Structures are given as structure tokens and as C-alpha cells.
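A quick write-up on the structure given underneath.
No hydrogens, no waters, no symmetry mates; every other heavy atom, side chains included, goes into these values. The shown structure was predicted, so the numbers you read here are calculated from the model rather than taken from an experiment. Letters go in sequence order (proteins before strands), and every chain restarts at 1.
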Amino acid sequence: VATDRTERLLNLVLCLLGARRAVPRSALQASVPGYADAVSAEAFERMFERDKDELRSMGIPVETVVNAAGEVEGYLIDEGSYALPDIRLDASELATLGLAARMWSGAALGAHVTTALRKIEATTGASLGQPPFLVDHPAPGEAHLPLLWEAIRARHVVSFAYRARGRDAMETRVVEPWATVRWQGAWYVVGMSRERKAPRAFRLSRIHGSVTIKRDVFDMVEHREIATLIEQLADPPASGSACVSLPVDGGLALRARARPRSDGYWDVDYADEDAFLGLALEAGATCVEPSHLATRQAEALRRVRDLHEAPHA
Amino acid sequence: MRETSAERLSRLLALVPWLEQHDGVSISEAASHFGVSPQELEQDLWLTICCGLPGHGPDQLIDIQFWDEDGSIHVIDTQSLDRPLRLTAAESTALLVGLRLLSQVDGDHDRSALASVTAKLEQASDRPEESPAVVVEADHTEFMERISAAIKTHRAIELEYAGASRDEVTHRVVDPSEVVHYRGRPYVLAWCRSADAQRTFRLDRIRSLRVLEEPVIPRRIHQEIAPAVGVAVRVRVAPGSRWLLETLDVIDVVEDDLGNVDATFVVANPSWLVRLVLGQAGGVEVLDPPGVRTAVAVAADQALGRLLSNPS
């Protein structure tokens, strides 16, 4: 009977974690149950490589020990880097941690939150219970966060299918992820877009399917650059200015950003022309200048009118 | 979905030190704590006691007793597994962001405990300088605090509110009941005296706020976002406008091969929907009811008339 893979992995962890010196491959092959099942030396090598990668991907610090001649002596897990340090929490801190766990919906991050609490309980002896996840509607895209956080920490490039706002086509994006940001109720990942060769923010809810972690590693940028990028996301620099007429009432969102002129019109700066046009259409505002914006607005209105003129079949 | 070896191993590595700290816990308690069935937990224990240090002699195996009649579990020897594995990036970040979000919500949780537990968790996290940068915007903290204070002292509040459905600023006196989070945004549930009905106010739409001396009138408030009452509207949404649907409670969602989505949702105020459809510049089409469909065509035509009569 072949040894269960989980059992083999657990024995491998115990063997490396208890070791005072690097354990050579030959010793692992001889003493970890399951490796004896390997039909050839090559099969053992493949099995061991896969197991080692698996443990590392779980965050288990498997070290490769190399001798002065550059040859691999063996492997070990340093207990200090493996173990969760003691976290001493008083009753009120524990209660707070339990509440924090409930800020997530069970669907998106429940498993990660549960295992985190179990680990903390195992160092403190406390009991936090199973968090009753009170948030039943996860924020859109929240489910992508755990993978992105792992990728950010490991400095791994990610790729995903993405549908940009206002675009009908779905495109594959390859991104060096720097940070995740929650802004106005939505989650974003910011990072270097490999296609655009420039920093970009991607709204997680527009990611289609799942995020893939690639093998390539990237260099993390300075924290300062990330902060600047996020500021721009919140308050992008103006790229143009329009003169509009606003309806007597309504048009709140636009009015809040507009400067009144002496002739009764309003000047509005905008960062993104498409977004501005949408806002103007929604507000019932009329673009006077620049003329290409007025033309685009007229096209949009004709499109909406034509789409709705005939009864729906 | 079948569990992977890594997922099961993660649980086992947490289980052994946890059981050691919680001596005498029952199989069913431990199972519910780890979110598995008692049968699965028992299988975990059987697997664990077959593992140990090289040699696998009786003294080298993990020793756990779990065959008492009362189902209690006692750890005799953990071998080297007496400490849990450090937190993964996803685990520590999920808790840290949870703490951050908690600091922004109303409630009588201990604010100093919040700060200290955050600091301790950051310290225990793997290489904090490499932890994923997470930024969470401050969700209208100022209003949040004043509303919480009003709720605690049972005071009515006066709001200047920029409602979405009518695109205008209204003044109302409301009796606040609770701050809730819904789809990632904070809302206050309240009884609106002007409308004489329960209303939900989005915090980011509140323009100004005054806590009144006047006490609230006790009323029964539903502890959830009130379901929308109004017209059921069916729309067809082009792929580029699909993000709109995220924030709506849609039903009967049908997607075609091109990525267009048909969906139905309830609209309290059709004029809000007309503006939304105009703003999407053709990305959203109202299919039903015919009255709303016509209203969109008329609104577009009128706006076009205004645009073409401009002097430019």
C-alpha cells in the first residue's frame, strides 16, 4: 500500500524539524516512509522535489544547506523560523481578535481566518471559538485577496483575465503586485502592469476566473512609490477641462467638482474623459466645450435613444 | 471540493499543538473548532499517530490518546510539533485587515486592546517589512463616530443627505439604530421622520450631520438593509458595464456568448435608473417594463435637444 501523501509530508517535516544538522537526501530516502515506494532514483528525486516545493509554498522554511565546495549537504527546518512566536493576549485582546475575524465573510476568507485563530490558540491555550461570520455579502472580488497576499509577500508575478471598465473585451494581464487597497468599498491590487510597463490599479471584482501565481520573481518598489500611486488612484491629476451647463437641480456629483463662471456655465476638470462623459450624461449636464466632447455626448445620447425607441421584442 | 495534501497537512500541523494546549477536549469539540466532521478529525488523529521521527520506534512517534469512552483527547508526546507553524501571509493579513476594518466601525469594542493586539500580531508575523502592503481607506470615520455616539445616547440626528435616487440634497431628522456593513460599504439604519419609514443611509452620501438634543422615538427597526420596494426592471448589460451589477441585488441573471448579461433588480425610483442608463452611454438597455424603456428614450431625446440647441 502506498503511503498517503499527507503522511509522507508530515514525516518529512518531523524529520527535518527535529534535526540538529542538515539531513542528506540519502537519509531522507531511507528514513521517511513513502520514499521507499519510489521505483527508481529518478522517481525519488521527483517526489522529493515536489514535496519540498509543496512545504515551501505552505510557508514552511525548508533550508538547503550547502558546504564550502558548493555541494548540497542536505536539508533542515530551523525551529525558530518555523514556529509562530508566542503571542501573549489578555482577555480583551482575544475578544477583539475574535471580532476582527468576523469582519470577513466566511465565503471569501473564512478558511484563512479560522486556521490563523487555531494557531494563535495553540500558543496561548485560549479558546476563540469558530468565528460566526456575520458579513454574508463579501465585498466583490474579496476572494482573490489570499492568493494576492501570498504573491505580494513572495514577490511573484501574477496573471489574470481582466475586463477594464467600459471595455467589452477581456484581456490577460500580467502584473507585479505591490499592494492591495480597499477604496470606496472596492478592493484593488496595485502594481506594475507588464503590458503597459507602467503602474496600474486593477479592481478585483473585474478579474474573471482566478488569479494565477507565476514563477517569475520581481523586485519590490519602495513603499513611498506605492503610497504615491494610491494617492493618484484616489485623486487622479486632471487631464482636461470642460465647460458645461448644469440642470437647475440635480447633477450633485458634477456640481461638487465644478467652478461656476460668470456666464452661468460651469468649468469642470477631469482625469478620465470616459468617466467624465458618463458623469455628465448621468447628471443631465450639457457639454459646451471642447467640441469633441459635445460630439461624443451627442453620439452617446443617440445611441441610448435608438436602443430604447422601439419596444423590446 | 476534495482537500489537497497541503491543506490537510496545514490542519495537522495546527491540530497537534492546539490539542496539547487544550487537554481533554472532545473529538466533536475539536472537530467543530477546526471546521471538519468528527469522522475526519478521527482520521486526522489516526494518521498523526503513525508519524514521527526517523526510526519510528514507539518513543519516536507522535502519541495521542483518543479512545476514552467520553471521546476526550490527550496528547502524550508531540515529538517536535509542540508549536504551530507561523502565520501565512494570507492568515496574518486577513486578521490585520480585519482589525483595521474593526477600528473603523462603530461598537463598544476596546480601542486600546485593538491597538495592542494589532501591534502584537504585526510582531509575530513573518518578516513584517515584507508583509503585503494593505491600505484601507478611512471610511468616513468622523461621521461614524458621531453616529455611534448618537446611537449610544439615544439621540436623533439631523442629516444633510445626497440621495442617489433623486440626485438632490435633502434635510431629514432620523432616529439612528445601527451602523452596518454591506458589500464593503458602511450604512446607517434609521427611522426617517420625514418619510415616516425605515431608511438606509450610505455614510459616504451624508453631507453634514448634527446630533440633536432630542431623544429617539423607540421603534422597531429591521436589523438589515431594508429590501428595496419598487419596480422590477429587466436590463441587458454589455460586458463593459457589468461592473455596475456588483452593487445591486440582481436576480435571474442570464449571460449570452458575447458576455452580455440580462438581469432583473428592484428600483425604488425609476428616475434614478434612467440617469444610470444614460450615464452608461448605451452599455445598459432597459428591456422591461415598457414605461421605463420609453422614459429612457424620452430622456435621451430631451438631453440631445438641449445639446444641439447650445450656441457652441
Side-chain angles (χ1 to χ4, degrees), chain A residues 5-7 9-11 15 17-18 31 54 58-59 83-85 87 92-93 96-97 99-100 103 109 112-114 116 118-119 122 125 137 139-140 146 149-150 152-153 166-168 179-183 185 205 230 249-250 252 278 281-282 286 288 298 300-301 303-305 307-309 312, chain B residues 5-6 8-9 14 17-18 21 35 47 51 53-54 79-80 83-84 86-91 93-95 98-99 101-102 109-110 113-114 117 120 124 132-137 162 167-168 183-185 239-240 246 275 278-279 281-282 285 287 293 296-297 300-301 303-304 306-307 310 312:
Chain A
R5 176 137 194 260
T6 311
E7 189 178 334
L9 289 171
L10 181 52
N11 276 311
C15 179
L17 191 57
S31 62
E54 183 92 285
M58 289 170 57
L84 178 66
I87 308 180
S92 148
E93 289 170 332
T96 306
L97 199 59
L99 278 176
M103 297 306 293
L109 281 137
H112 298 275
V113 166
T114 306
R118 296 297 85 89
K119 287 179 179 179
H137 290 281
W149 289 337
E150 298 292 356
I152 292 168
R153 178 145 89 177
R167 296 255 166 77
D168 286 355
T180 56
V181 184
R182 201 174 82 132
W183 181 253
S205 60
I230 290 164
D249 38 52
L252 285 177
L281 286 163
E282 219 170 280
T286 306
V288 182
L301 288 167
R303 207 158 45 234
V304 176
R305 185 190 60 189
L307 200 57
H308 290 84
E309 232 165 19
H312 173 57
Chain B
S5 302
R8 189 166 182 212
L9 181 63
W18 187 88
Q21 284 283 346
L47 188 151
C51 295
L53 300 181
Q79 297 306 339
S80 47
R83 316 260 325 154
R86 56 179 56 241
L87 300 176
T88 64
E91 287 167 349
T93 317
L95 283 182
L99 287 166
L101 294 172
L102 187 62
H109 42 272
D110 187 337
L114 193 70
V117 74
K120 287 177 183 177
V134 178
V135 184
V136 181
E137 67 173 316
D167 200 13
E168 62 187 20
R183 294 191 193 270
R185 285 182 196 277
E246 283 166 17
R275 284 198 309 277
L278 288 175
E285 179 187 357
L287 304 178
R293 191 174 161 85
V296 172
D301 196 53
L304 196 58
R306 284 200 302 275
L307 188 69
N310 251 306
S312 73

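Nearest heavy atom pair, residue A:Pro85 against residue B:Arg83, reads C-NH2, 3.5 Å. Of all non-hydrogen atoms in B:Ala14 and A:Lys119, the two that sit nearest each other are CB-CG, 4.3 Å. Of all non-hydrogen atoms in A:Leu307 and B:Gly282, the two that sit nearest each other are CD2-O, 3.7 Å. Taking each heavy atom of B:Ala90 and A:His112 in turn, the nearest pair found is CB-ND1, 3.5 Å. In plain terms, the two heavy atoms of A:Leu281 and B:Gly279 that are nearest each other are CB-CA, 3.8 Å. Across all non-hydrogen atoms, the minimal contact from A:Thr6 to B:Leu9 is CG2-N, 3.9 Å.
With respect to chain B, the highest number of heavy-atom pairs below 4.5 Å among A:Ala83, A:Gly278, A:Cys15, A:Ser31 belongs to A:Ala83. No other option in B:Ala303, B:Ala300, B:Pro84 has as many heavy-atom pairs under 4.5 Å with chain A as B:Pro84.
With a 4.5 Å cut-off on non-hydrogen atoms, A:Arg303 touches chain B through its side chain but not through its backbone. Residue A:Leu10 touches chain B through both its backbone and its side chain, counting heavy-atom pairs closer than 4.5 Å.
For the pair A:Val113/B:Glu91, no side-chain contact is recorded, criterion being any heavy-atom separation below 4.5 Å from C-beta on. At a threshold of 4.5 Å between non-hydrogen side-chain atoms, the residues A:Leu9 and B:Ser5 count as touching. Between A:Met58 and B:Thr88 there is no side-chain heavy-atom pair separated by less than 4.5 Å.
Taking CZ of A:Arg305 as the start and CG of B:Leu278 as the end, the distance is 12.5 Å to the nearest 0.5 Å. Of the inter-residue distances, the one linking B:Asp301 atom CG with A:Glu309 atom CD reads 7.0 Å to the nearest 0.5 angstrom. Atoms CG and CG, on B:Leu53 and A:Leu17 in that order, are 9.0 Å from each other to the nearest 0.5 Å.
The side-chain hydrogen bond (donor to acceptor under 3.5 Å, both in side chains) test applied to B:Glu285 returns B:Arg293, not counting sequence neighbours. For A:Ser205, the side-chain hydrogen bond (donor to acceptor under 3.5 Å, both in side chains) criterion is met by A:Arg203, B:Glu246, not counting sequence neighbours.
Although no hydrogens or angles enter the test, the distance criterion places no donor-acceptor pair under 3.5 Å between the side chain of A:Glu93 and the main chain of B:Leu114.
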